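First the proteins, then the strands, lettered A, B, ... as listed; each starts at 1. As the structure is a prediction and not an experimental result, all values here were calculated from the model.
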Amino acid sequence: MEVPPFPKPEGLEAAMALQRTLAQRVILSGSLEGKKRLAALDASHKRGKPLVAVALLYHLEKGPLFVAKGLVPEEALFPYVPGFLSFREAPAYLEALKALPEAPEVLLVDGQGIAHPRGLGIASHLGVHLDLPSIGVAKRLLFGRLEGPLPQEAGSAVRLLSPEGRPIGYAYRSRTGVKPLYVSPGHRVGLEEALAFVKRLPTRFRLPEPLRLAHLEAGRALAALD
DNA sequence: GCGACAG
DNA sequence: ATCTTGTCGC
């Protein structure tokens, strides 16, 4: 698919300013009805090696269709700073997306959507950059708090609230007894619609299958480098 | 000053 | 994310 160049900010000040600008372009409405082709994005990295990103094209009815990879040399990587993950990982994701035979209708990203200090987690950043609907699925919380207790039963969810009390996503129990996932809209999708979309993905273990497979592929690709 | 802190 | 030993549980 076609991918616009991704500007690299000089430092955290510039990165923060860019986040504030792009956050204004995030659209928090839209349904994903009828959208069946998604790209699941995950990355893997080891010191002294390039960052490996995987974009796994997945069809809701046909399953996995294609695995594309993107590499960024360690020397070229933005440092990891909580709140600035997209500047580190997005360039590798975009390389992987370039290698897809067709554009996905939805991006499913390992990380936050709008549940972020400035409203622009990596899922939102990629969604705005590519003008695609996107959803963030994170394994840990970065920003916000749960509205109440989250039941142990698979399928239960409670809203994620910003410090001001605005809903920014959900804590979601994908399987009974597992730690919750944190689902937040990235771009061009509503809060409830984002959760509904994730809920209808096949989930054998904690992570929805598309993301779990992307994670496995990224790990394999990293191990295969040497 | 203290705690929190995606991947 | 990775590193890292044993350990608990399905």
Side-chain angles (χ1 to χ4, degrees), chain A residues 6 8 12 15-16 19 22-23 26 40-56 69-96 107-129 134-146 152 154 160-164 168-172 174-187 194 198 203-208 210-212 214-226:
Chain A
F6 188 81
K8 172 170 181 170
L12 289 183
M16 200 174 295
Q19 287 180 329
L22 294 179
V26 169
L41 270 33
D42 189 44
S44 188
H45 177 65
K46 192 187 291 186
R47 293 179 325 249
K49 291 192 170 191
L51 179 77
V52 180
V54 160
L56 185 142
K69 301 172 185 68
L71 302 186
V72 172
E74 186 167 60
E75 319 78 62
L77 291 174
F78 198 86
Y80 171 68
V81 182
F84 298 87
L85 177 66
S86 60
F87 297 104
R88 180 176 181 81
E89 297 194 342
Y93 286 143
L94 295 171
E95 283 305 307
L107 298 178
L108 195 69
V109 190
D110 183 15
Q112 315 289 342
I114 63 167
H116 176 279
R118 288 163 296 283
L120 197 85
I122 187 166
S124 297
H125 198 158
L126 286 166
V128 169
H129 188 75
S134 65
I135 298 171
V137 178
K139 299 179 294 300
R140 298 192 311 188
L141 194 55
L142 169 69
F143 182 71
R145 56 187 173 83
L146 305 207
Q152 289 295 324
L160 213 53
L161 304 179
S162 72
E164 303 73 38
I168 52 177
Y170 290 90
Y172 166 56
S174 57
R175 302 283 290 182
T176 299
V178 304
K179 291 186 298 176
L181 296 176
Y182 302 92
V183 178
S184 58
H187 183 50
V198 171
T203 305
R204 299 167 57 187
F205 302 103
R206 183 186 177 216
L207 285 179
L211 276 178
R212 190 180 74 90
H215 182 76
L216 288 175
E217 288 296 333
R220 283 174 200 147
L222 180 64
L225 282 183
D226 44 23

Looking across every strand, which nucleic acid part, if any, lies under 4.0 Å from A:Gly83 by heavy atom: base, sugar-phosphate, or nothing? base

To the nearest Å, how far apart are A:Gln19 CD and B:dA6 C1'? 12 Å

Classify the ring geometry of A:Phe6 against A:His125: parallel below 30°, tilted from 30° to 60°, perpendicular beyond 60°. tilted

Heavy atoms under 4.0 Å, any strand shown: does A:Ile122 hit a base, just sugar-phosphate, or nothing? base

What is the nucleic acid contact for A:Gln112, judged by heavy atoms within less than 4.0 Å: base, sugar-phosphate only, or nothing? base

In whole angstroms, how far is the C1' atom of C:dA1 from the CZ atom of A:Phe78? 17 Å

At under 4.0 Å between heavy atoms, what does A:His125 touch on the DNA or RNA strands: base, sugar-phosphate, or nothing? nothing

A:Pro82 has a side chain; which of C:dA1, B:dC5, C:dC3 sits nearest to it? B:dC5

When rounded to whole Å, the CG to C1' distance for the pair A:Leu207 and B:dG7 reads 13 Å

Quick one: pull up CZ in A:Phe84 and CZ in A:Arg118 and give me the separation to the nearest 0.5 Å. 4.0 Å

Protein-nucleotide distance (A:Arg206, atom CZ; B:dA6, atom P), rounded to Å: 13 Å

Counting side-chain heavy atoms from CB outward, which of C:dA1, B:dG7, B:dC5 is closest to A:Leu142? B:dC5

Atom CG of A:Leu51 and atom C1' of C:dA1: how far apart are they, to the nearest Å? 8 Å

Test: A:Arg212 and A:Asp42 ion pair at under 4.0 Å: no

Students often get this wrong, so: under 4.0 angstrom with heavy atoms, is A:Tyr93 touching a base, only sugar-phosphate, or nothing? nothing

Would you say B:dA6 has OP1 or OP2 under 4.0 Å from some side-chain N or O of A:Lys139? no

Within this structure, what is the CZ-to-C1' distance between A:Arg88 and B:dA6, rounded to whole angstrom? 13 Å

Can a side chain N or O of A:Tyr80 be found less than 4.0 Å away from OP1 or OP2 on B:dA6? yes

Does A:Lys8 have more than 12 heavy atoms from other residues, nucleotides or ligands lying within 6.0 Å of its NZ? yes

Over how many whole Å does the gap from A:Leu141 atom CG to B:dA6 atom C1' extend? 9 Å

Is any side-chain nitrogen or oxygen of A:Arg47 closer than 4.0 Å to OP1 or OP2 of C:dT2? no

Rounded distance in Å - CG (A:Leu41) to C1' (B:dG7): 13 Å

Would a 4.5 Å heavy-atom cut-off, applied to side chains only, mark A:Leu126 and A:Ser134 as touching? no

